[in-house]
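First up is the structure itself, then whatever we jot down about it.
Worth knowing before you read on, the calculation uses all heavy atoms, side chains too, and leaves out hydrogens, waters and symmetry mates. Starting from 1, each residue takes its place in the sequence as its number.
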Amino acid sequence: MISPPIIIYRIGNWFFRNKMILISKLITWVNRFLFSAYIPSSAQLGRNFKVGYWGLGVVIHSSAVIGNDCLVAQNTTIGRKHGDEKVPVIGNNVYIATGSVVFGEITIGDDVVIGANSLVNRSIPSNSVAYGNPARVRGKFPRKEC
């Protein structure tokens, strides 16, 4: 089921893509006030993107790019490091657990799990499990073949 903050984001993103910037910004702020989630209409969120607990405390940078089938848990920040010009690019099938911070000019590969309360300031390769402060790759993503 799609959560209300994502429905509101998708509506705002449609306005953003159709060059109705002011309306898209207003919709972003509606999301902010209703759900305590800052999910800007200008961010690029892939198909089947989900947030935990209706996005409570989620902050996503306006230039963020997040792939398909991703889940971002509550109280998570995805943003830019001071002095950097770019923000994280997150691949497909990524789970970012509660309380994590992902920032800087980094890339998170496909099929990645980031553990709770992790600070991710370096790129994480595909098929990895990473956690800690700072986050380090601690293992392989457990894939089950059908």
Side-chain angles (χ1 to χ4, degrees), residues 1-19 21 24-25 27-32 35-146:
M1 180 176 161
I2 300 175
S3 63
I6 300 306
I7 293 169
I8 292 171
Y9 157 78
R10 298 280 182 215
I11 293 166
N13 184 256
W14 183 88
F15 282 107
F16 181 81
R17 287 183 285 115
N18 287 286
K19 311 280 188 252
I21 305 302
S24 73
K25 286 184 180 184
I27 291 171
T28 294
W29 284 100
V30 165
N31 224 357
R32 173 76 174 96
F35 299 105
S36 296
Y38 187 70
I39 306 171
S41 299
S42 57
Q44 296 177 40
L45 308 181
R47 280 182 291 99
N48 204 26
F49 175 82
K50 295 178 183 171
V51 288
Y53 292 94
W54 285 11
L56 181 64
V58 169
V59 176
I60 297 176
H61 192 277
S62 59
S63 300
V65 177
I66 301 175
N68 300 325
D69 303 309
C70 293
L71 172 60
V72 173
Q74 68 275 15
N75 295 318
T76 298
T77 301
I78 299 170
R80 182 173 63 104
K81 183 171 69 173
H82 182 72
D84 285 353
E85 292 187 24
K86 296 181 181 177
V87 296
V89 174
I90 298 172
N92 299 317
N93 197 31
V94 174
Y95 172 62
I96 302 175
T98 303
S100 295
V101 177
V102 179
F103 70 97
E105 294 182 3
I106 63 173
T107 301
I108 308 298
D110 296 336
D111 301 314
V112 171
V113 173
I114 296 173
N117 297 314
S118 295
L119 174 76
V120 183
N121 59 359
R122 295 184 208 140
S123 292
I124 306 292
S126 294
N127 305 309
S128 299
V129 174
Y131 56 90
N133 183 0
R136 291 189 170 84
V137 174
R138 311 288 180 152
K140 295 271 188 191
F141 184 79
R143 295 287 296 179
K144 291 185 179 180
E145 299 299 324
C146 296

Start with the C-alpha gap between N31 and I8, add the side-chain angles, then the distance that decides, and say whether side chain to side chain contact (heavy atoms under 4.5 Å, CB included) holds.
CA-CA 7 Å; N31 224 357; I8 292 171; 3.8 Å; yes

Both conditions, 6.0 Å and 45 degrees, for the charged tip of R138 above the ring of Y131: are they met here?
yes

Notebook entry, point to check: Under 6.0 Å from the CD1 atom of I2, do we count more than 12 heavy atoms belonging to anything else shown?
Noted result: no

Would you check, one step at a time, whether the test side chain to side chain contact (heavy atoms under 4.5 Å, CB included) holds for V120 with I106? CA-CA 9 Å; V120 183; I106 63 173; 3.9 Å; yes

Is any side-chain heavy atom of T77 closer than 4.5 Å to one of I60? no

Looking at S24, is its backbone amide N or carbonyl O close enough to the side chain of S41 to form a donor-acceptor pair, meaning the two atoms are under 3.5 Å apart?
yes

Could you check whether any side-chain heavy atom of I90 comes within less than 4.5 Å of a side-chain heavy atom of I78, counting everything from C-beta outward?
yes

State, yes or no, whether a side-chain contact exists between V137 and P125 at a heavy-atom distance under 4.5 Å. yes

In this structure, CZ of R136 is separated from CD1 of I124 (nearest 0.5 Å) by 10.5 Å

**Request:** Start with the C-alpha gap between L71 and V51, add the side-chain angles, then the distance that decides, and say whether side chain to side chain contact (heavy atoms under 4.5 Å, CB included) holds.
**Result:** CA-CA 6 Å; L71 172 60; V51 288; 5.7 Å; no

Next on the checklist: Please check this pair: side chain of Y9 against backbone of S42, looking for a donor-acceptor N/O pair closer than 3.5 Å.
Outcome noted: no

Value for CG (N75) from OG1 (T98), rounded to nearest 0.5 Å, stands at 7.5 Å

Flag the pair V112 / V94 as yes when at least one side-chain heavy-atom distance between them is below 4.5 Å, and no otherwise.
yes

Check: Does N18 use its side chain to pair, donor to acceptor, with the backbone of W14 at less than 3.5 Å?
Finding: yes

dist R80:CZ -> K86:NZ (nearest 0.5 Å) comes out at 13.0 Å

The side chain to side chain donor-acceptor pair (under 3.5 Å) partners of N48 (sequence neighbours excluded) come to D69

Determine, stepwise, if the pair N92 / C70 fulfils side chain to side chain contact (heavy atoms under 4.5 Å, CB included). CA-CA 6 Å; N92 299 317; C70 293; 5.6 Å; no

For G109, does its backbone N or O pair with a side-chain atom of S126 as donor and acceptor, under 3.5 Å? no

Taken to the nearest 0.5 Å, the spacing of I6 CD1 from R10 CZ works out to 6.5 Å

(message) For the backbone of S63 and the side chain of Q44, can you confirm whether one donor and one acceptor N or O come within less than 3.5 Å of each other?
(response) no

In short, A97 meets A73 closest at the heavy-atom pair C-CB, 3.6 Å

Is the shortest side-chain heavy-atom distance between F15 and I27 below 4.5 Å? yes

Side-chain contact test, heavy atoms from C-beta onward, threshold under 4.5 Å: evaluate it for E105 versus E85 and give yes or no. yes

| said: Do T76 and S100 pair up side chain to side chain, a donor and an acceptor below 3.5 Å, judged on atom types alone? | reply: no

The reported gap from CD1 in I96 to CD in Q74 (rounded to nearest 0.5 angstrom) is 12.5 Å

Residues pairing under ring-ring contact (aromatic ring centres under 6.0 Å, His included) where one sits in residues 72-120, two or more places apart or in two chains, turn out to be none

Separation between CG (L45) and CG (N68), nearest 0.5 Å, reads 10.5 Å

Residues pairing under ring-ring contact (aromatic ring centres under 6.0 Å, His included) where one sits in residues 45-76, two or more places apart or in two chains, turn out to be F35-W54

Closest heavy-atom pair, G79 versus P88, reported as atoms and distance to 0.1 Å, is O-CD, 3.0 Å

